[in-house]
Amino acid sequence: MTALLEVRDLITEFPGENNAGLRAVDEVSFQLARGEVLGLVGESGSGKSVTGFSIMGLVDWPGRIAGGQILFDGKDLAGADEETRRSLRGRRIAMVFQDPMMTLNPVLRIGTQITEALHAHTHISGTEARARARDALGLVGIPSPEERLDAYPHEFSGGMRQRVAIAIALLHQPDLIIADEPTTALDVTIQAQIISEFQKLTEQQGTAVIWITHDLAIVSGLADRIAVMYGGRIVESGGIQEVLEAPRHPYTRGLIRSVPSENSRGSRLAQIPGVTPSLARMPSGCAFRTRCNRSTEACATRPGQFGDALAYHRCFHPYEEALA
Amino acid sequence: MTTSLIRRLIQAGFVIFAMTLIVFLGVNVIGNPVDILINPDLNQAERLKVIESLGLDRPIWQQYLSFLHGLTQGDFGDSFVYSRPALDVILERLPATLELALCAMLIAIVIGLPLGLYAGLHPNRLSSRVIMTGSILGFSLPTFWVGLMFILLFAVQLGWLPSNGRGETAELFGARWSFLTTDGLLHLFLPALNLALFKTSLILRLTRAGVQEVVSQEYVKFARAKGLRENRIILVHILKNLMIPVVTIIGLEFGSLIAFSVVTESIFGWPGMGKLIIDSINLLDRPVIVAYLMMMVVLFVSLNFIIDLCYTLLDPRVRLDGKG
């Protein structure tokens with residue numbers, strides 16, 4: 001199997017004090033096959049969004065990719081020039097953002113915002129672009145799409161705006177969509193609708209998806225594989241079933257335990273002690289060791305990847321048994 | 001839309017009416033034109049005759065009522081000095097001021113907007129810092145001093161440009177304009193540049209601040225994620241969003257250029273309205289002062305109205321009915 005996307009030892013840095021680079025993404029490696037769905041899970045600040053933006057080539061200045069490779073269809077994007085990256089963005093790699101209220105330009109019509117994405121990558125006439133924009137809106141379930149093309153974003157609800165954003169992401173039938181918590185800002189009822197439609201459409205088109213989220217429940221429902229991030233590193237990665245049933249890394253285990261479920265009714269929810277350290281105060285060695293009840297002196301050195309490229313963990317004292 | 005237009009017009013009517021009262025009474029408390037206008041050699045009977053002919057013997061409320069009565073017929077009264085309708089005296093000077101103001105505004109926009117965009121998009125380049133430092137000079141150097149320096153340098157030392165008067169004029173729409181002849185344009189250049197200096201700095205800094213605010217918005221990032229070319233992102237997504245404050249300032253500053261370019265007109269011997277109003281105040285030519293101030297009230301009321309109309313074109317969320 002050749003991977004559609006293979007990220008190798010990706011490092012994305014932001015300048016800190018005294019020119020010391022702060023690694024928001026620290027030697028992250030994972031791969032993704034065509035049509036596969038990867039859940040990238042972690043708390044705020046764990047580096048999951050920056051990983052997504054690194055793949056898109058949209059890391060905010062002054063951040064920069066400082067090392068590693070992003071092999072997309074065999075070509076390395078990390079060192080590619082801006083025009084190469086632009087021509088891939090929106091066409092072969094698309095992205096859906098977290099807050100639909102902020103992602104559409106308030107002063108441009110919906111139709112304009114869709115057709116400009118078409119014109120950016122294909123030579124088509126205005127009428128043709130409009131027809132395709134209308135179909136794209138229809139595809140994501142927006143009623144009377146022809147009229148809605150002339151509407152402005154403020155005339156849409158949050159859920160409808162996210163549908164528009166998804167329609168734009170799907171326009172060129174990309175190979176990969178990076179979905180950066182696209183349902184977090186929505187009502188729960190709308191969330192479920194959007195997720196199931198998004199899943200249906202990407203399955204139909206055979207699109208691979210990186211679904212970035214902090215919500216394990218969402219990932220367990222739609223991902224094939226999962227990668228858990230902590231402190232800029234992937235601490236555990238593997239098939240969704242295997243990882244959720246028998247997590248090896250103490251952090252993954254803590255994360256799963258802290259999700260409320262049927263069986264834990266009436267008892268106190270488990271918590272991971274302490275808070276995520278800031279980038280500047282990340283402990284040496286294993287980043288999780290200061291919050292981990294299994295840490296020993298060995299953890300002061302940096303754990304490597306134990307396992308193969310598709311299923312690995314970074315822990316010297318992994319759990320062996322399945323979750324109760 | 002129509003009802004809101006009518007409401008706005010009624011509001012404007014009230015403003016203008018209130019201003020007639022303030023302006024008329026205000027002008028009547030500063031000095032007695034009789035002392036300046038009447039030849040001191042005249043005897044008492046002749047003096048009274050002149051005062052009576054100017055209507056200055058009547059109580060002030062009567063003068064005000066007859067002024068209002070005249071207004072309804074478009075008559076501001078006759079100038080004491082020129083013995084002609086005050087409005088005609090002013091309108092004669094209007095083209096000179098208008099073309100100077102338009103020219104200065106044009107220079108300010110053409111220079112200020114692109115430089116502001118550039119400085120906002122690349123805040124850390126040396127060239128941006130040079131631009132911003134330059135704009136501080138534009139802000140803080142007194143206009144009259146810069147005008148004098150211009151004359152010294154370009155007219156006296158280098159002898160490139162004329163420094164006084166309007167030069168040759170040509171007729172268009174029944175008025176004489178300098179910008180239609182080469183000689184007139186040469187005469188126009190220095191005073192227009194002088195007036196434009198402050199406005200350029202203002203527009204530049206406002207644009208830069210706007211760019212920096214808009215660039216970090218999610219919708220700009222999303223536009224990049226669509227694979228749009230940089231030109232389109234800047235000229236459509238960014239520019240349209242930052243035009244609202246810029247249009248406001250352009251409108252109001254244009255008004256102030258017409259109304260208050262007194263100093264520059266005096267330095268460059270430009271026979272515009274600014275020079276006329278200074279002369280009229282010196283001679284206490286009440287009808288001209290009142291007519292001039294009323295014109296400026298109408299000018300600013302109209303400009304504000306036009307600015308509001310521009311808002312509705314620029315931002316779909318703004319509607320004149322006051323709901324948005």
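Just so you know, these numbers use all the heavy atoms, side chains as well, and skip hydrogens, waters and symmetry mates. Below, read A as the first sequence line, B as the second, and so on, with proteins coming before strands; counting in each chain starts at 1.
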K.L.:
Select, from A:Gln113, A:Glu116, A:Glu155, the one with the greatest count of heavy-atom pairs under 4.5 Å involving chain B.
P.N.:
A:Glu116
K.L.:
Any idea which heavy atoms bring A:Asn105 and B:His237 closest together, and the distance?
P.N.:
ND2-ND1, 3.0 Å
K.L.:
Take a 6.0 Å sphere around OH of B:Tyr311 and say whether it holds more than 12 heavy atoms from other residues, nucleotides or ligands.
P.N.:
yes
K.L.:
Let me know if A:Met56 has heavy atoms under 4.5 Å from chain B in its side chain, its backbone, both or neither.
P.N.:
side chain
K.L.:
Heavy-atom distance under 4.5 Å to chain B: side chain of A:Ile168, backbone, both or neither?
P.N.:
side chain
K.L.:
Using a cut-off of under 4.5 Å for heavy-atom pairs, which of B:Val214, B:Leu314, B:Asn241 has the most such pairs with chain A?
P.N.:
B:Asn241
K.L.:
With a 4.5 angstrom heavy-atom cut-off, which part of A:Leu108 approaches chain B: side chain, backbone, both or neither?
P.N.:
side chain
K.L.:
Less than 4.5 Å to any heavy atom of chain B: does that hold for the side chain of A:Ala165, its backbone, both, or neither?
P.N.:
both
K.L.:
For chain A, which residues from residues 219-233 of chain B have at least one heavy atom closer than 4.5 Å to it?
P.N.:
B:Tyr219, B:Lys221, B:Phe222, B:Arg224, B:Ala225, B:Lys226, B:Gly227, B:Leu228, B:Arg229, B:Arg232
K.L.:
Verify the neighbour count for atom CD of A:Glu147: are there more than 12 heavy atoms of other residues, nucleotides or ligands below 6.0 Å?
P.N.:
no
K.L.:
Assess whether atom CD of B:Gln11 is packed by more than 12 heavy atoms of other residues, nucleotides or ligands within 6.0 Å.
P.N.:
yes
K.L.:
Below 4.5 Å from any heavy atom of chain B, which atoms of A:Glu82 appear? Answer side chain, backbone, both or neither.
P.N.:
neither
K.L.:
Out of A:Gly57, A:Gly90, A:Ser87, return the one with the most heavy atom pairs under 4.5 angstrom to chain B.
P.N.:
A:Gly90
K.L.:
Closest approach of A:Pro106 and B:Pro316, non-hydrogen atoms and distance?
P.N.:
O-CG, 3.3 Å
